[in-house]
Asks: 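Right, I'll just put the structure down here and ask away after.
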Amino acid sequence: QVQLVESGGGLVPAGGSLILSCRYSGRIFSTTGMGWFRQAPGKEREFVAAISWSGDIRNYADSVKGRFTISRDNAKNTVHLQMNSLKPEDTAVYYCAADPGGLAYDRKASYDYWGQGTQVTVSS
């Protein structure tokens, strides 16, 4: 019943920008925290950004801090990831995830629901 669908991935030159969107449906309440993770080929899935249910707490991985911005619109059941100053090392599949606990945790175990991912490729 719970479904998360990412969109907005694609190919972008280094230094460019891209915005990812995640639309969720089912039993996901406005009090659910949301996060973004990414996984490059041959590497573990890593934390990127998270936002609490109220939006007042936002956490970012050090590698993206100052470049990425996470936001949400509970009325529209969406969460976004604005990515600026993209680097080739940002290339990965990006996953949206939902945490019923409602806080902006950076651990995969905190998230119960996951989307199928969207590919982001940054060229040199």
Side-chain angles (χ1 to χ4, degrees):
Q1 185 177 5
V2 175
Q3 186 175 23
L4 291 77
V5 181
E6 302 96 336
S7 62
L11 176 64
V12 63
S17 298
L18 203 63
I19 183 167
L20 305 182
S21 298
C22 175
R23 298 176 60 246
Y24 51 90
S25 61
R27 196 176 177 181
I28 298 180
F29 305 103
S30 61
T31 54
T32 297
M34 302 295 295
W36 287 96
F37 292 75
R38 68 186 182 186
Q39 187 169 20
K43 295 186 177 181
E44 298 293 325
R45 190 171 301 185
E46 65 177 3
F47 170 76
V48 176
I51 186 169
S52 64
W53 70 269
S54 63
D56 58 346
I57 301 175
R58 305 184 189 197
N59 290 322
Y60 298 92
D62 289 340
S63 60
V64 306
K65 191 174 299 182
R67 299 189 297 121
F68 291 10
T69 302
I70 187 171
S71 62
R72 68 186 300 166
D73 187 336
N74 293 339
K76 297 181 178 180
N77 293 338
T78 58
V79 60
H80 304 284
L81 185 68
Q82 175 68 54
M83 304 184 294
N84 298 324
S85 302
L86 284 163
K87 306 174 181 179
E89 48 264 47
D90 293 319
T91 296
V93 176
Y94 284 71
Y95 297 89
C96 178
D99 169 25
L103 300 179
Y105 290 120
D106 61 356
R107 301 179 63 174
K108 291 185 293 184
S110 297
Y111 296 85
D112 293 342
Y113 308 104
W114 297 80
Q116 292 187 326
T118 184
Q119 177 71 47
V120 173
T121 302
V122 184
S123 61
S124 301

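These values consider heavy atoms only, across backbone and side chains, with no hydrogens, waters or symmetry-generated copies.
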Asks: Identify the two heavy atoms, one from E6 and one from G117, that lie closest to each other, and give their separation to 0.1 Å.
Replies: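 E6 and G117 have their closest heavy atoms at OE1-N, 2.9 Å.
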Asks: If I compare all heavy atoms of L20 with all of T118, which pair ends up nearest, and what's the gap?
Replies: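 So the two residues come closest at CD2-CG2, 4.0 Å.
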Asks: Is it true that atom CD of Q119 has more than 12 heavy atoms of other residues, nucleotides or ligands lying nearer than 6.0 Å?
Replies: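 Correct, the count exceeds 12.
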Asks: Hey, do the aromatic rings of W36 and F68 have their centres closer than 6.0 Å?
Replies: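 When the ring centroids of W36 and F68 are compared, they turn out to be at least 6.0 Å apart.
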Asks: Is a side-chain donor or acceptor of Q82 paired with a backbone partner of I19 at a separation under 3.5 angstrom?
Replies: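 Looks like no, no N/O pair under 3.5 Å.
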Asks: Between D99 (side chain only) and G33 (backbone N and O only), is there a donor and an acceptor less than 3.5 Å apart?
Replies: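 The answer is no, because no donor-acceptor pair under 3.5 Å joins these two groups.
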Asks: If you draw a 6.0 Å radius around CZ in F47, do more than 12 non-hydrogen atoms from other residues or ligands fall strictly inside?
Replies: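 Counting other residues, nucleotides and ligands, CZ of F47 exceeds 12 neighbours.
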Asks: Give a yes or no answer on whether the side chain of R72 reaches the backbone of S52 with a donor-acceptor pair at less than 3.5 Å.
Replies: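 Such a contact is found between R72 side chain and S52 backbone.
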Asks: Drop me the distance from T121's OG1 to L11's CG, to the nearest 0.5 angstrom.
Replies: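 If we round to the nearest 0.5 Å, T121:OG1 and L11:CG are 6.0 Å apart.
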Asks: Could you check whether any side-chain N or O of T91 sits under 3.5 Å from a backbone N or O of V122, counting only pairs where one atom can act as donor and the other as acceptor?
Replies: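 The answer is yes, because a donor-acceptor pair under 3.5 Å joins these two groups.
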Asks: Taking only residues two or more places apart in sequence or in another chain, which ones pass salt bridge (charged side-chain N to carboxylate O under 4.0 Å, His left out) with R67?
Replies: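 By the salt bridge (charged side-chain N to carboxylate O under 4.0 Å, His left out) rule, R67 matches D90.
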Asks: Any chain of hydrophobic side-chain contacts (each under 4.5 Å) joining V2 to V79?
Replies: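 Yes, V2 connects to V79 through the hydrophobic network.
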Asks: Under the side-chain contact (heavy atoms from CB on, under 4.5 Å) rule, what do K108 and Y95 come out as? Steps first, then yes or no, please.
Replies: CA-CA 11 Å; K108 291 185 293 184; Y95 297 89; over 6 Å; no
Asks: Using the rule that two of Ile, Leu, Val, Met, Phe, Trp, Tyr join whenever any of their side-chain heavy atoms come within less than 4.5 Å, decide whether Y111 and L4 are in one cluster.
Replies: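 Each belongs to a different hydrophobic cluster.
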Asks: Could you list all the disulfide bond (SG atoms under 2.5 Å apart) pairs where at least one residue sits in residues 87-124, not counting sequence neighbours?
Replies: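 Of all non-adjacent pairs touching residues 87-124, those that pass disulfide bond (SG atoms under 2.5 Å apart) are C22-C96.
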Asks: Taking the side chain from Y24 and the backbone from G115, do they hold a donor-acceptor pair closer than 3.5 Å?
Replies: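 No: the side chain of Y24 does not pair with the backbone of G115.
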Asks: Using the rule given for side-chain contact (heavy atoms from CB on, under 4.5 Å), can you reason through T69 versus R58, listing the C-alpha separation, both sets of side-chain angles and the distance that settles it, and then say yes or no?
Replies: CA-CA 9 Å; T69 302; R58 305 184 189 197; 4.1 Å; yes
Asks: Do you know which two heavy atoms are closest between S17 and N84, and how far apart they sit?
Replies: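 Looking at all heavy atoms of both residues, the closest pair is OG-OD1, 2.9 Å.
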Asks: Does the Q39 side chain pair with the main chain of A92, one donor and one acceptor, at a distance under 3.5 Å?
Replies: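 No: the side chain of Q39 does not pair with the backbone of A92.
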Asks: Against S63, only a single residue in E89, R38, K87 fulfils side-chain contact (heavy atoms from CB on, under 4.5 Å); can you say which?
Replies: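 Among E89, R38, K87, the one that satisfies the side-chain contact (heavy atoms from CB on, under 4.5 Å) with S63 is R38.
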Asks: Pairs in or reaching into residues 52-85: which pass disulfide bond (SG atoms under 2.5 Å apart), with residues at least two apart or in two chains?
Replies: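 Residue pairs with at least one partner in residues 52-85: there are none.
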Asks: Got a donor-acceptor contact below 3.5 angstrom from the Y113 side chain to the P100 backbone?
Replies: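 Not at all, since once roles are kept as given, no pair shorter than 3.5 Å links the two residues.
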Asks: Counting N and O atoms only, with roles assigned by atom type, does the side chain of N74 sit under 3.5 Å from a partner on the main chain of W53, one being a donor and the other an acceptor?
Replies: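 Indeed, once roles are kept as given, a pair shorter than 3.5 Å links the two residues.
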Asks: For residues V12 and V48: do they belong to one hydrophobic cluster (side chain heavy atoms under 4.5 Å, members Ile, Leu, Val, Met, Phe, Trp, Tyr)?
Replies: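 V12 clusters together with V48.
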Asks: Honestly curious: do Y105 and Y60 fall in one hydrophobic cluster under the side-chain, below-4.5 Å linking rule?
Replies: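 Result: no, two separate clusters.
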Asks: Ignoring hydrogens and angles, tell me if any N or O in the side chain of R45 forms a donor-acceptor pair with the backbone of F37 under 3.5 Å.
Replies: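 No.
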Asks: What are the two closest non-hydrogen atoms of A49 and L81, and how far apart are they?
Replies: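 Where A49 meets L81 most closely, the heavy atoms are CB-CD1, 4.1 Å.
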